[in-house]
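Reckoned from all heavy atoms, side chains included, excluding hydrogens, waters and symmetry mates. Labels below follow one simple rule: chain letters A, B, ... track the order of the sequence lines, proteins then strands, and each chain is numbered from 1.
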Amino acid sequence: MALKIYNSYTRQKEIFETITPGHAGMYVCGPTVSGESHLGHARPYITFDVVYRYLQHLGYKVRYVRNITDAGHFEEEGKEAEDKVGKKALLEKLEPMELVQKYTNLFHWAFKKFNCLEPSIEPTATGHIVEQINMIEKIIEEGYAYVVNGSVYFDVKKYAKNHDYGKLSGRVIDELLSTTRELEGQDEKKDTADFALWKNAAPEHIMRWKSPWGEGFPGWHIECSAMATKYLGPSFDIHGGGMDLLFPHHESEIAQSTICNHRAPVKYWMHNNMITINGKKMGKSYNNVIKLTELFSGSHPLLTQPFHPMTVRFFILQSHYRSPLDFSNEALIASEKAFKRLWEAFETLKKLEPDKSETAKDEELESKVVNWLNELDEFMNDDFSTPKVIANLFELAPIINSLKEGLILPGNISSNTLLLMKEKFAFYLEDILGLQNISEADNAMLQGIMGLLIDIRKEAKAKKDFATSDKIRKQLTEIGISIKDEKDGGMSWTVD
RNA sequence: GGUCCUGUGGCCGAGUGGCUAGGCAAAGCUCUGCAAAAGCUUCUACACCAGUUCGAAUCUGGUCGGGACCUCCA
């Protein structure tokens with residue numbers, strides 16, 4: 001059973017076969033570190049973290065490249081050319097690189113909390129100015145770019161004559177070329193559809209580099225082409241990013257790289273859908289951003305409580321990456337409860353002892369369980385259907401709890417199946433979905449204290465001193481620890 | 001305006017033409033000193049209108065609504 005990936009370029013699911021057997025190259029558009037990461041950023045990096053994990057599981061040696069855009073893009077239409085990073089730095093009276101460092105650190109901090117694996121290479125745009133300039137020179141040599149007043153533009157019209165510009169994003173080239181909009185700063189371009197490879201820097205522009213065309217800074221699209229080519233080669237397997245990047249960013253990347261390397265750069269294009277908030281895309285320009293720090297601390301008007309990064313990760317994986325996902329405080333609370341329940345079932349499962357029965361006494365149950373377990377692989381192979389994986393794990397939760405409670409007898413499921421269940425549950429939950437326990441109970445001192453309190457409470461209960469046992473339970477509940485009486489007279493506790 | 005996507009039960013969210021997705025919430029029951037948890041059960045929806053089909057949430061056309069991109073964006 002082979003992995004199938006939905007390829008945005010062909011708009012269909014395709015069997016995944018890497019260019020180099022045994023190896024997979026994946027490039028994902030990283031953050032622009034001119035501001036704090038927000039909930040919207042969580043989706044692509046969690047999505048592609050799961051892709052990365054799963055490809056490794058399939059046995060590929062994966063090189064995962066995710067850039068940091070620290071050079072700042074320019075805003076070219078309707079505004080003066082100005083570097084976003086440079087502008088904000090002036091406002092905050094910080095060095096541009098200081099600002100970039102600050103937000104890079106914050107980004108790393110947040111995604112460590114999300115339990116995202118670190119990419120193999122995390123190149124910065126400013127660290128690859130030379131590569132970008134080289135690439136631009138190559139494109140000029142090939143005759144697909146022109147220089148105007150110290151800026152360099154890609155000639156889309158010429159490219160479109162013998163290439164399929166617009167295929168990825170579904171644009172019609174004639175319409176792009178015949179755009180009637182008259183915007184400032186367009187006069188340098190031969191055509192409105194052309195895009196900048198290099199921009200001449202205005203005097204107030206802080207971030208600037210010397211180039212064959214004068215002092216300036218790179219265009220937005222060229223960094224990804226340059227770095228992907230450098231670390232993954234002229235053709236690589238997967239390029240990922242948000243759907244909002246389809247046009248013009250990825251379309252332009254294809255054009256640049258194709259001219260430069262004489263071949264299509266990417267075999268499988270993957271795009272995650274957006275997170276919406278009240279039906280609107282979350283983004284700086286919409287003024288509806290929930291920063292990750294606000295999400296984790298609960299300090300945002302839309303939130304009634306803090307949310308653990310794992311709750312957010314779980315929430316995101318409960319929907320398919322290509323579907324839009326609407327955020328709400330209520331939806332996150334639902335995910336938090338669901339996740340806690342699932343994780344408790346997992347903890348319970350780990351403690352279950354396999355029965356000696358080699359054959360199951362309840363064949364119907366046995367086959368249902370085996371089927372649910374086997375489907376997990378199918379679901380992942382079907383374009384990473386994490387919601388279905390999670391749904392099947394939830395199917396297993398009542399089975400696990402019933403085994404623990406004795407509502408299902410141990411022998412009803414064969415020992416092999418129970419072992420398989422333990423193995424798959426841990427594998428999918430932890431290794432593939434990348435989820436972690438969110439309980440804060442893993443503290444030796446707390447465990448010691450709780451052990452003592454539980455002993456006292458057990459003694460009280462044995463003496464039918466319910467006043468004492470209830471007092472212990474009640475007061476612990478008030479400070480956020482809940483005690484549950486088990487069927488066999490034991491007690492368990494959890495930190496809320 | 002152009003291109004594309006989308007509309008599922010109280011809420012979130014899967015759905016490959018025929019078989020209960022799943023979660024949260026709610027209700028009832030079981031268990032329990034009480035509670036919590038857990039288990040069982042119930043709530044069976046696919047914007048609207050036509051069409052194709054033995055059969056459509058799933059395909060086609062139309063209507064209405066929502067969204068994305070076309071400008072920085074995950």
Chemist: Which nucleotide sits closest to the side chain of A:Lys280: B:G67, B:C12, B:A74?
Modeler: B:G67
Chemist: So, using ring pair (Phe, Tyr, Trp, His ring centres under 6.0 Å) as the criterion, who are the partners of A:Phe425 when residues are at least two apart?
Modeler: A:Phe346
Chemist: Looking at A:Lys404 and A:Glu486, is any side-chain nitrogen of the basic one under 4.0 Å from a carboxylate oxygen of the acidic one?
Modeler: yes
Chemist: Summarise protein proximity over nucleotides 15-23 of chain B in one line of letters, 5' to 3': B for base, S for sugar-phosphate only, - for none, counting protein heavy atoms closer than 4.0 Å.
Modeler: ------BSS
Chemist: What string of B, S and - do you get for nucleotides 27-34 of chain B, 5' to 3', if B is base contact, S is sugar-phosphate-only contact and - is no contact with any protein heavy atom under 4.0 Å?
Modeler: ----S-BB
Chemist: Residues two or more places apart in sequence or in another chain: which of them pass side chain to side chain donor-acceptor pair (under 3.5 Å) with A:Thr10?
Modeler: A:Glu14
Chemist: Where does the angle between the aromatic ring planes of A:His41 and A:Tyr45 fall among parallel (under 30°), tilted (30 to 60°) and perpendicular (over 60°)?
Modeler: parallel
Chemist: Taking the C1' atom in each of B:U52 and B:U60, what is the distance between them to the nearest angstrom?
Modeler: 7 Å
Chemist: To the side chain of A:Ser402, which of B:A74, B:G39, B:C69 is closest?
Modeler: B:G39
Chemist: Output the single nucleotide from B:G13, B:G39, B:A74 whose closest atom is nearest the side chain of A:Leu325.
Modeler: B:G13
Chemist: Reading RNA chain B from 5' onward, which residue's closest nucleotide shows up sooner: A:Asp244 or A:Pro324?
Modeler: A:Pro324
Chemist: Please determine, for the side chain of A:Glu405, which listed nucleotide (B:A38, B:C69, B:C12) has the closest atom?
Modeler: B:A38
Chemist: Is any side-chain N or O of A:Asn401 closer than 4.0 Å to OP1 or OP2 of B:G39?
Modeler: yes
Chemist: Where does the angle between the aromatic ring planes of A:Tyr165 and A:Tyr159 fall among parallel (under 30°), tilted (30 to 60°) and perpendicular (over 60°)?
Modeler: perpendicular
Chemist: Of all residues at least two apart in sequence or in a different chain, which pass the side chain to side chain donor-acceptor pair (under 3.5 Å) check with A:Asn371?
Modeler: none
Chemist: Base, sugar-phosphate, or nothing: which does A:Arg171 touch, judged by heavy atoms less than 4.0 Å apart?
Modeler: base
Chemist: Using the C1' atoms only, state how far B:G61 lies from B:G22, rounded to an integer number of Å.
Modeler: 34 Å
Chemist: Is A:Tyr321 close to A:Val51 at the side-chain level, that is, under 4.5 Å between some pair of heavy atoms?
Modeler: no
Chemist: Using the P atom as the point on both nucleotides, what is the distance between B:C46 and B:C12, in whole Å?
Modeler: 16 Å
Chemist: Tell me, which of residues 116-125 of chain A have any heavy atom that sits under 4.0 Å from an atom in RNA chain B?
Modeler: none
Chemist: So which of A:Asp470, A:Asp455, A:Asp485 actually passes salt bridge (Lys or Arg N to Asp or Glu O under 4.0 Å) with A:Lys461?
Modeler: A:Asp485
